[in-house]
Trainee: 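Questions regarding the structure given below will be posed in turn.
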Amino acid sequence: MIELLALVLLGAAARAMAEAGVRSAWARWVIHGAVLGVGSLSLGLGALAFLTGEPRLAARASGAGIGLLLAWWPSYRRLWARWIAINPTSLLDAMGLAVIQGTIGFFVGTLLQPGTIPSLEVSKEQLLGQALAEVALAFVLIGFPFSRQWQSAVDRLGLRWPSRRDLLGAVLFTAGMFGLSLLTGLLAGLLQPGVVARIEERMLPVTTEFGSPAWALALGILAGVGEELLFRGAVQPRYGLLLTALLFTVVHVQYELSIVTLGVFALAILLGIERRRLGTSACIVTHALYDAIAVLLQNALR
């Protein structure tokens, strides 16, 4: 819980500093120095870890450093600006891209070392804390309360009371997600049975902890609200569907680099399309239904 609070405070501090950098030359220099310093330090740490036989740390640190430093290269941002809604000269957009790419690089490094991925043990209290942290981060990272008022932030996140059309669409998207999940699950079972066995063992604590209908629904709602507000609500409108889907996929390290991971990426794309057509509230409903039903099915079939 302390780590989650620290993450929210760090996000708030980064947003406040970025907005200060828009107005103040000294703040811009501080940000430039911080990003370049952290990126270079991460690359150096990665090289040192590689030389001393620490491949796990080497992959994570190098991935994070490469992601951070690439985002700070103006030509690279101009290339991205052809496909996503960033301003390549904006300090706020540059910081956001650096954080996203640094996070992707770190988790890709984790995925390259599948033997080090632990079991997914999440208590009910941790799940609640994680959801609250994700909601807080979503609001902070889009500028609330620094440069956005409450209603503006709600609109920016794509939140609205779902209509019957939205709810029907959410149910149809849920069915589509189960179709994709079934397809990739069957392929993984045929081609990567060992990986599937490890994933099932890794997920066992969660399906056991939240195995009752009430707790499965609670898991779905909390995961749906937190993850959809952060990824589809806050990140996607600025950084695009594909980059958001990649970020969403790699943070789910429990699935390793596998066919199942490709399935998670496909689910993220589907949720991104739903965000564009129906808004974030519909994505929350879809995500909640999918997670709750999936947990109940896994318990029933075990």
Trainee: OG/Ser163 to CG/Leu278 distance, rounded to the nearest 0.5 angstrom?
Mentor: 8.0 Å

Trainee: Hey, does the side chain of Gln236 reach the backbone of Gly272 with a donor-acceptor pair shorter than 3.5 angstrom?
Mentor: yes

Trainee: Work out which heavy atom in Ala81 is nearest to a heavy atom in Pro88; give both atom names and the distance.
Mentor: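 Heavy atoms of Ala81 and Pro88 come nearest at CB-CD, 3.8 Å.
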
Trainee: Looking at Trp80 versus Tyr239, is the centre-to-centre ring distance below 6.0 Å?
Mentor: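 No, too far apart.
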
Trainee: With a 3.5 Å distance limit and no angle check, can you tell me whether Arg28 reaches the backbone of Gly21 through a side-chain donor-acceptor pair?
Mentor: yes

Trainee: Do Arg160 and Ser281 get their side chains close enough for a donor-acceptor pair, meaning under 3.5 Å?
Mentor: no

Trainee: First locate atom CD1 of Ile293, then atom OG of Ser181, and finally report the distance between them rounded to the nearest 0.5 Å.
Mentor: 11.5 Å

Trainee: Between Thr207 and Gln298, is there a side-chain donor-acceptor contact under 3.5 Å, judged purely by atom types and distance?
Mentor: no

Trainee: Side-chain contact test, heavy atoms from C-beta onward, threshold under 4.5 Å: evaluate it for Leu246 versus Ile100 and give yes or no.
Mentor: no

Trainee: Honestly, is Arg232 close enough over Phe248, meaning NZ or CZ under 6.0 Å from the six-membered ring centre and within 45° of the axis?
Mentor: yes

Trainee: Just how far is it from atom CG of Leu243 to atom CH2 of Trp83, taken to the nearest 0.5 Å?
Mentor: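 Reported value, rounded in 0.5 Å steps: 12.5 Å.
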
Trainee: List the residues meeting side-chain contact (heavy atoms from CB on, under 4.5 Å) with Thr184, not counting sequence neighbours, and say none if there are none.
Mentor: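 Expected list: Ile259.
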
Trainee: Are the side chains of Phe178 and Leu182 in contact, using a 4.5 Å heavy-atom criterion?
Mentor: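 Counting from C-beta outward, Leu182 and Phe178 never come under 4.5 Å.
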
Trainee: Does Trp72, at its CH2 atom, have more than 12 non-hydrogen atoms belonging to other residues, nucleotides or ligands within less than 6.0 Å?
Mentor: yes

Trainee: How about Leu97 and Arg77: do any of their side-chain heavy atoms sit closer than 4.5 Å?
Mentor: yes

